[in-house]
Amino acid sequence: MIQTVRGTRDILPSDMPLWHRVEAVAREAFRRYGFREIRTPIFEKTELFARGVGEATDIVHKEMYTFTDRARQGSEGESLTLRPENTASVVRAYIQHKMFADKSPGELTKLYYIGPMFRRERPQAGRYRQFYQIGVEVMGSSDDAAIEAEVMEMLDWFLKELKITNTTLLINSVGEPASRAVYLETLREAIRPNLDKLCGDCHHRFETNALRVFDCKVESCQTVVATLPTITDSLDEASRQHFEQFKAHLDARGIAYTVNPRMVRGLDYYTRTAFEIVGHDGLGAQNTLVGGGRYDGLSETIGGPPTKGFGFAFGLDRMVMALSEAEAESLRAADAPSIFIVFLGEAARAHSFVVAQQLRAAGVAVAMEFEDRKMKKAMAAADKSRATYALIVGDNEVATGKYGLKNLKTGEQESLTLDEIILRLN
RNA sequence: GCGGGUAUAGCUCAGUUGGUUAGAGCGCAAGAUUGUGGCUCUUGAGGCCGUGGGUUCGAGACCCACUACCCGCCCCA
C-alpha cells in the first residue's frame, strides 16, 4: 500500500490533545507578552533562504526541498523552496509590508508563527523531514538586552506551564560579524598545529565552520578543544557589554542559565546573543528543545532597511515528546465526551437524536452510537468512550421526560429532566 | 551522505539446533436469560511470518538483494 513519505508522519487523534495543549499554552504566552500571529507561505523563492539562512549552511547546502516552478511564456520557471525555517520569511514579510513604517523609534514589532518546516535530513528520534515549529521574532530599531531577557522569561513561563522541568538554558554571545571573523581566524590558527589530533569530521569542520569543532563528541577532539580560545575572549566591547546586560536582566528575573562559551549555532545570521534550551527527558540524541538568537543585519542581507532582530523557534514535535507521561495521560483523558447516550429500542433511539441535538445546542459534548444494541453493550461503549456520564434513554424516560444520568466514575445515578442535566453540566 | 539494528494478528511481542494445523497478552466480537459499564469466566474472528530471489526433502527461522521503520553520525527544532 502507499504509505507516508520517509520522514513524514500522521499525527493521530490520540496525540492531538498534546499538540493542542502545547499550542494553546504557547498562544497564551504570546498573548501575555504582546506577540501577534503571522502566517507566511510554505514555499518562497529559493533566493530568500540562500541569502537569509546562508549559502554555506548545511540547511541551504544540502537539506532544502527545492523545485523549479513551471515555466511561463518567455521566461524560465523560477526556483522555489519549501521553507526550512521561518525567520527569513518573517523578516521578508516585515520588509515587504513595511511594518517598520508606522512605528515610533523604539517601538518593536513582535510576531509569532506556527507551522510546518521542511528539511531533507535523515530522520531519527525527534527529527522529521516535515516538522513543526513555533517561533517568535522581535524586530525594530532597538537591540536592548531586556528584549532577550523578556523572551527568556516568556519561555520560562511556557515550560513551567507545560510542566516540562529538567531543562537547561544555555547562553552565549557570538559577537558582531566583524569580531567573529577575527575570532574565527584566531581559532583556526590555534587549531592548525593540532590538526593531526582531530577526527575526520573535525578536519572537515576546520575547513567549513571551525566553530563546530567545539561540538565534536570524539574524546580526543575534546582534549584539544579544551585548550582552544573561546569566543568570549575576543568579543568586541559592545557585544561584551550587551552580554553582561543580558545576564543581569536574567538574574533580576530569577531565571537560571548556564553560560556555554562553546555553544555555537548553525545559521549564518546570528549575532551577539545565542541560546538553546536543552531537555533531558524523553528525547533521543536530538535534545535541543528551543534554539534562537539575535540576528541584527538579517534584514539588510535580504534587501531591507537596517533592523535589529531577536527570535527563537522550538520544535513542536520535540516539545510534545518532552511532555511527561502523567501530563500526556491527563490531557488524553480530558479529550472525552461529557455524555454518552445509551438508548433502548427504536422509539428511544429516535427520541435520543432530539435529546442529543438539544444537549449539543446547549454546549455539551455528546457521543452516541447509531446502532440499537443490548444495554450491556451500550454501557460498555459508554465506558470505553471515557465519557463522564451515561444518559439512559428508554421507553420510560421518553414517557416521563426524566432521564437516567449515571456518573460513570462513581456509579451514582439520578433521574433528571433535560434542563436539570444541562444545568448540572454547566 | 555514512554506520548499526529491526521487520510474525489492529497493538506489544514469543517462536528452541530448519520439521507437519503459527502462539501469548492486550484490543475486537459473541455469551454467562429480562433496562446498567469497569472485575471475572467461556467461546470466537483475525496472519501472502515486509517484498523478491536462493539453499534444502522441508524455511517464519539460514543466505543474497530490495524496501520500510528504529537508533546513532553529520547537522539541527
Side-chain angles (χ1 to χ4, degrees), chain A residues 1-9 12 14 22 53 56-63 83-87 114-135 199-205 208-209 211-213 215-218 263-267 275-279 283-292 311-322 340 342-345 348 372-398 403-413:
Chain A
M1 66 152 293
I2 299 171
Q3 296 185 327
T4 48
V5 172
R6 172 193 283 271
T8 68
R9 58 177 182 156
L12 298 174
S14 60
V22 173
V53 179
T57 60
D58 276 19
I59 291 178
V60 171
H61 194 227
K62 59 181 195 189
E63 297 173 1
R83 61 185 191 192
E85 57 101 59
N86 209 197
T87 299
I114 167 169
M117 309 295 157
F118 306 85
R119 290 182 203 169
R120 200 179 179 294
E121 295 183 275
R122 185 74 168 238
Q124 64 187 70
R127 184 161 72 198
Y128 304 93
R129 290 184 170 183
Q130 173 173 337
F131 60 105
Y132 296 81
Q133 283 191 327
I134 294 183
C199 69
D201 280 336
C202 281
H203 276 87
H204 178 68
R205 291 177 177 123
T208 55
N209 186 352
L211 287 172
R212 299 229 70 98
V213 171
D215 290 341
C216 191
K217 283 151 191 155
V218 177
M263 182 191 64
V264 291
R265 299 197 49 73
L267 282 51
F275 80 94
E276 278 183 9
I277 296 176
V278 296
L283 304 160
Q286 312 304 317
N287 66 345
T288 303
L289 277 174
V290 189
F312 70 75
F314 68 78
L316 207 31
D317 310 76
R318 289 184 193 175
M319 205 59 80
V320 165
M321 279 195 284
F340 190 104
V342 171
F343 61 85
L344 302 151
D372 189 12
R373 308 174 74 186
K374 295 173 78 167
M375 188 172 194
K376 209 173 182 66
K377 297 300 172 191
M379 283 300 292
D383 188 57
K384 193 184 153 199
S385 79
R386 303 209 274 190
T388 313
Y389 297 100
L391 186 74
I392 290 135
V393 181
D395 292 341
N396 294 341
E397 286 79 3
V398 174
Y403 307 92
L405 186 71
K406 177 164 185 171
N407 184 319
L408 291 170
K409 310 282 186 291
T410 65
E412 289 164 24
Q413 184 169 332

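So that the names make sense, note that chain A is the first sequence line, chain B the second, and so on, each numbered from 1. Computed over heavy atoms, backbone and side chain alike; hydrogens, waters and symmetry mates excluded. Keep in mind it's a predicted model, so treat the numbers as computed, not measured.
- Of the C1' atoms belonging to B:U20 and B:C26, the separation is 30 Å, rounded to the nearest Å.
- At a threshold of 4.0 angstrom between heavy atoms, the contacts of A:Tyr128 include nucleobase atoms, whether or not backbone atoms are also involved.
- Note that CG of A:Leu408 is 5.5 Å distant from CE of A:Met379, once rounded to the nearest 0.5 Å.
- With rounding to whole Å, A:Glu85 atom CD is found 8 Å from B:A77 atom P.
- Put simply, CG on A:Asp383 is 15 Å from P on B:U36, counting in whole angstrom units.
- One can place CD1 of A:Ile114 at 17 Å from P of B:A77, the figure rounded to the nearest angstrom.
- Counting only distance, with no hydrogens or angles, the side chain of A:Arg373 and the backbone of A:Ala378 share no donor-acceptor pair below 3.5 Å.
- With rounding to whole Å, A:Asn86 atom CG is found 18 Å from B:C76 atom P.
- Using a 4.5 Å heavy-atom cutoff, the side chains of A:Phe275 and A:Val290 are in contact.
- Annotation for A:His61: atom NE2 does not count as buried by contact number, only 12 or fewer foreign heavy atoms lying within 6.0 Å.
- Not a single donor-acceptor pair under 3.5 Å links the side chain of A:Asp317 to the backbone N or O of A:Arg127.
- Rounding to whole angstrom units, NZ of residue A:Lys62 and P of B:C75 are separated by 8 Å.
- For B:A77, the base is not stacked against the aromatic ring of A:Phe314, per a cut-off of 5.5 Å between centres and 30° between planes.
- Look at the C1' atom in both B:U16 and B:C76: the space between them is 46 Å, to the nearest Å.
- For A:Ala125, counting side-chain heavy atoms from C-beta on, the closest listed nucleotide (B:C71, B:U36, B:A68) is B:C71.
- Rounded to whole Å, the P atom of B:C71 lies 25 Å from the corresponding atom of B:C63.
- For the pair A:Arg6 CZ and B:C69 P, the interatomic distance rounds to 5 Å; values are reported in whole Å.
- Comparing the same atom, P, in B:G72 and in B:G54 gives a spacing of 38 Å after rounding to whole Å.
- A search for side chain to side chain contact (heavy atoms under 4.5 Å, CB included) contacts involving A:Arg120 returns A:Tyr65, A:Arg129, not counting sequence neighbours.
- Nearest heavy atom pair, residue A:Asn407 against residue A:Tyr389, reads CA-CD2, 3.7 Å.
- Spacing between atom CE of A:Met263 and atom C1' of B:C76 amounts to 13 Å, rounded to whole angstrom units.
- For the C1' atoms, the distance linking B:C69 with B:G25 amounts to 24 Å, nearest Å.
- Distance alone, capped at 3.5 Å, places no donor-acceptor pair between the A:Arg9 side chain and the A:Thr4 backbone.
- Counting non-hydrogen atoms under 4.0 angstrom, A:Val290 reaches the backbone sugars and phosphates but no base.
- Heavy atoms of A:Ile59 sit nowhere under 4.0 angstrom from any nucleic acid atom.
- When each of A:Arg318 and A:Ala381 is assigned the nucleotide of RNA chain B bearing its nearest heavy atom, the one mapping closer to the 5' terminus is A:Ala381.
- Side-chain atoms of A:Arg119 come within 3.5 Å of backbone N or O of A:Pro84 as a donor-acceptor pair.
- Mapping A:Gln133 and A:Thr4 onto RNA chain B by nearest heavy atom places A:Thr4 at the nucleotide closer to the 5' end.
- Across the P atoms, B:C49 and B:G37 are found 41 Å apart, a figure rounded to whole Å.
- Here A:Ile59 contributes atom CD1 and A:Met117 contributes atom CE; the two are 11.0 Å apart, rounded to the nearest 0.5 Å.
- Residue side chain A:Gln413 does not reach the base of B:G37 through any donor-acceptor N/O pair under 3.5 Å, judged by distance alone.
- At the heavy-atom level, A:Glu276 lies nowhere under 4.0 Å from the strands shown.
- Look at A:Gln124 and you won't find any side-chain N or O under 4.0 angstrom from OP1 or OP2 of B:C71.
- A:Gly126 comes within contact range of at least one nucleobase, with a heavy-atom separation under 4.0 Å.
- Distance CG (A:Asp58) to C1' (B:C73): 13 Å, rounded to an integer number of Å.
- The two residues A:Pro116 and A:Arg83 have their closest heavy-atom pair at O-NE, 2.8 Å.
- The base of B:C71 is not paired with the side chain of A:Arg122 by any donor and acceptor separated by under 3.5 Å.
- For the strand RNA chain B, secondary-structure stems (runs of at least three Watson-Crick or G-U pairs, all distances below 3.5 Å) span B:1-7 with B:67-73, B:10-13 with B:23-26, B:28-32 with B:40-44, B:50-54 with B:62-66.
- Between the side chain of A:Arg119 and the base of B:C75, no donor-acceptor pair under 3.5 Å is found.
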Quiz item: Could you run down nucleotides 27-33 of chain B 5' to 3' and tag each one B, S or - for protein heavy-atom contact under 4.0 Å?
Solution: -SSSS--
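- Judged by distance alone with a 3.5 Å cut-off, a donor-acceptor contact links the side chain of A:Asn396 to the base of B:G35.
- Between the P atoms of B:A59 and B:G1, the separation comes to 37 Å (whole Å).
- Residue contacts for A:Gly411: at a heavy-atom cut-off of 4.0 Å it reaches a base atom on one of the strands shown.
- Taking the side chain as every heavy atom from C-beta outward, A:Gln413 and A:Ile392 approach each other to under 4.5 Å.
- Only the C1' atoms considered, B:C70 is 35 Å distant from B:G44, to the nearest whole Å.
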